[in-house]
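What follows is a set of notes on a single structure, which appears directly below.
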Amino acid sequence: MKKIKQKTCDTILIWDGKEESVSLNIDGKKVVPVKNLSMGYKTTENVFISADNYDALKYLQKDYSGKIRVIYIDPPYNTGHKFVYKDKYQDKFCRHSNWCNMIYARLVLAKNLLSENGVIFISIDGCEVYNLKLICDEIFGEENFITQFIYEKTQHFGRQKLNFYSNSDFILCYAKNKYNKNGKIKELLVENVHSDLLDAPLYNASNKKIKITFPAKTVKFNLKDGVYKKTSSSDYILHTVLKVKNGRNENDFVLEFKSRWSEKKVKEEIKKGTEFWVKTKMFAIRAVYSKHKLTKKAPKQIIVTNPLNCTLSRFGERVKTSESATSELNELLKTKENFSYPKSVSLISYLISLIYDEETQSFPNDFTVLDFFTGSGTTAHACMHLNSLDNGKRKFIIVQKPEKMNSNKYGTISELCRERLIKSCELYKFSDCDTGFKYYKTED
């Protein structure tokens with residue numbers, strides 16, 4: 001593996017077989033519907049494709065190019081063992097080259113499917129996160145990198161590990177186009193929006209002192225009515241005599257302090273409906289935002305599962321650990337089958353719920369979500385769950401290779417995934433959301 005410089009990206013990754021892996025994007029197997037394995041085939045807009053995801057991504061290019069708002073994938077982590085995704089170049093080279101060939105060709109196809117405001121989330125562990133970041137920088141453009149989330153995947157620790165215990169995974173997030181036509185960063189991910197009355201101090205210790213005139217009736221006081229000539233703090237200097245009546249300033253007054261806002265900004269905020277608040281004789285003035293002012297909360301990079309300070313979605317649901325995902329799956333399927341490392345419904349629900357529409361200043365709930373490494377089908381379950389919470393119309397397209405699994409009940413992971421879809425559809429059948437799916441497979 002080696003790194004070289006290129007104009008479009010500070011660093012790109014070169015490995016054996018890279019060019020050949022791209023040339024794989026020429027042909028794909030034919031994908032056909034199987035109506036008797038579907039649910040609500042005539043009415044549903046959801047899709048389940050039981051096939052190698054390379055073939056599925058080729059098939060989706062025609063009808064879904066530029067139409068997918070969210071992609072979430074949890075590709076197989078690189079353990080150095082044999083892949084079930086058998087690209088013809090993988091066996092010749094080292095373990096990193098094998099993995100890079102597998103993911104690179106698929107991400108090239110996936111990018112074509114993203115809409116202009118689309119985003120992709122990719123779960124990955126520490127083994128390939130660095131290589132994956134370089135690959136994504138090349139494919140999506142490093143200018144479209146949003147962030148690298150850290151997901152706290154466990155709260156249970158077993159035997160002592162050598163040097164460190166891995167209790168987190170990474171989630172890389174990229175936009176199709178992070179910037180709008182004016183070169184401004186789009187607001188694509190928002191955790192929550194508050195419209196309550198909020199107040200914040202105007203004082204900023206790093207700024208110089210300035211004089212600001214506050215017009216009559218714009219400041220409320222927790223002080224007794226009367227006349228005030230000075231403050232009780234050297235940080236705030238009153239330059240005019242102030243008369244307080246009925247808890248408001250009866251006249252204009254001038255206050256000198258280290259303000260984070262200029263007088264011009266204060267006047268602009270007053271026009272928007274912002275008022276000001278003085279609680280004590282210190283005159284530590286605060287801005288009280290209007291009821292119509294929306295305060296947006298961006299998602300934090302660390303997704304916490306500890307119940308004491310856990311990450312919450314805008315629906316008030318906490319993000320849970322990977323262990324909880326296994327219990328959720330077993331409970332839904334009424335089985336104790338050991339499916340390896342399923343993702344939690346709460347995690348994927350949280351990520352999808354972050355999607356924000358800057359133009360309408362709202363959370364959209366009518367778009368398509370794609371997962372082409374779907375495993376047990378958690379992403380489909382998460383879409384139906386979110387739709388049940390906000391009466392949404394999110395559609396899912398999930399892809400899973402019919403890989404054999406050691407199970408007494410299921411022959412392949414696809415069969416387990418289809419069973420989970422059926423159970424999830426039954427779980428939400430009393431809601432107004434789309435609880436069906438069209439089943440597809442490949443033909444030789």
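Position 1 is the first residue of the sequence; numbering continues from there.
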Are any side-chain N or O atoms of T274 and backbone N or O atoms of I270, one a donor and one an acceptor, separated by less than 3.5 Å?
no
Taking the six-membered ring for Trp, are the ring centroids of F121 and Y174 within less than 6.0 Å of each other?
no
Main-chain N/O of S313 paired with E317 side-chain donor or acceptor, under 3.5 Å:
no
Measure across T147 and Q301 and return the closest heavy-atom pair with its distance rounded to 0.1 Å.
OG1-NE2, 2.7 Å
Counting neighbours of NZ on K441 that are heavy atoms of other residues, nucleotides or ligands and sit closer than 6.0 Å, is the number greater than 12?
no
Using every non-hydrogen atom in the two residues, find where Y179 and E143 come nearest and quote the distance to one decimal.
CE1-O, 3.4 Å
Using a strict threshold of under 4.0 Å (side-chain N to carboxylate O), is an ion pair present between K271 and E268?
no
Qualifying residues under salt bridge (charged side-chain N to carboxylate O under 4.0 Å, His left out), relative to R286, sequence neighbours excluded:
D199
If the condition is salt bridge (charged side-chain N to carboxylate O under 4.0 Å, His left out), which residues does D357 pass it with, not counting sequence neighbours?
none
Once salt bridge (Lys or Arg N to Asp or Glu O under 4.0 Å) is applied, what residue pairs with a partner in residues 174-189 remain, sequence neighbours excluded?
E187-K296
Could you go through T374 and D74, starting from their C-alpha distance and side-chain angles, then the distance that decides it, and tell me whether this counts as side chain to side chain contact (heavy atoms under 4.5 Å, CB included)?
CA-CA 7 Å; T374 202; D74 181 20; over 6 Å; no
Any side-chain heavy-atom pair of V219 and I285 under 4.5 Å:
yes
Please verify the inter-ring angle class for W261 with F276; under 30° counts as parallel, over 60° as perpendicular, anything in between as tilted.
perpendicular
Give me the atom names and distance for the closest heavy-atom approach of G377 to I398.
CA-CD1, 4.5 Å
Which word best sums up how the rings of Y203 and Y236 line up, parallel for under 30°, tilted for 30 to 60°, or perpendicular for over 60°?
tilted
Test item: side-chain donor near acceptor, W99 and N131, under 3.5 Å:
no
Rounded to the nearest 0.5 Å, how far apart are CD of Q400 and CZ of F372?
12.5 Å
Determine the minimum heavy-atom distance between N46 and G436, stating which atoms define it.
ND2-O, 2.9 Å
With rounding to the nearest 0.5 angstrom, report the CD1 to OG1 distance, I397 to T368.
5.5 Å
Picking from L312, V319, L386, what satisfies side-chain contact (heavy atoms from CB on, under 4.5 Å) with Y350?
V319
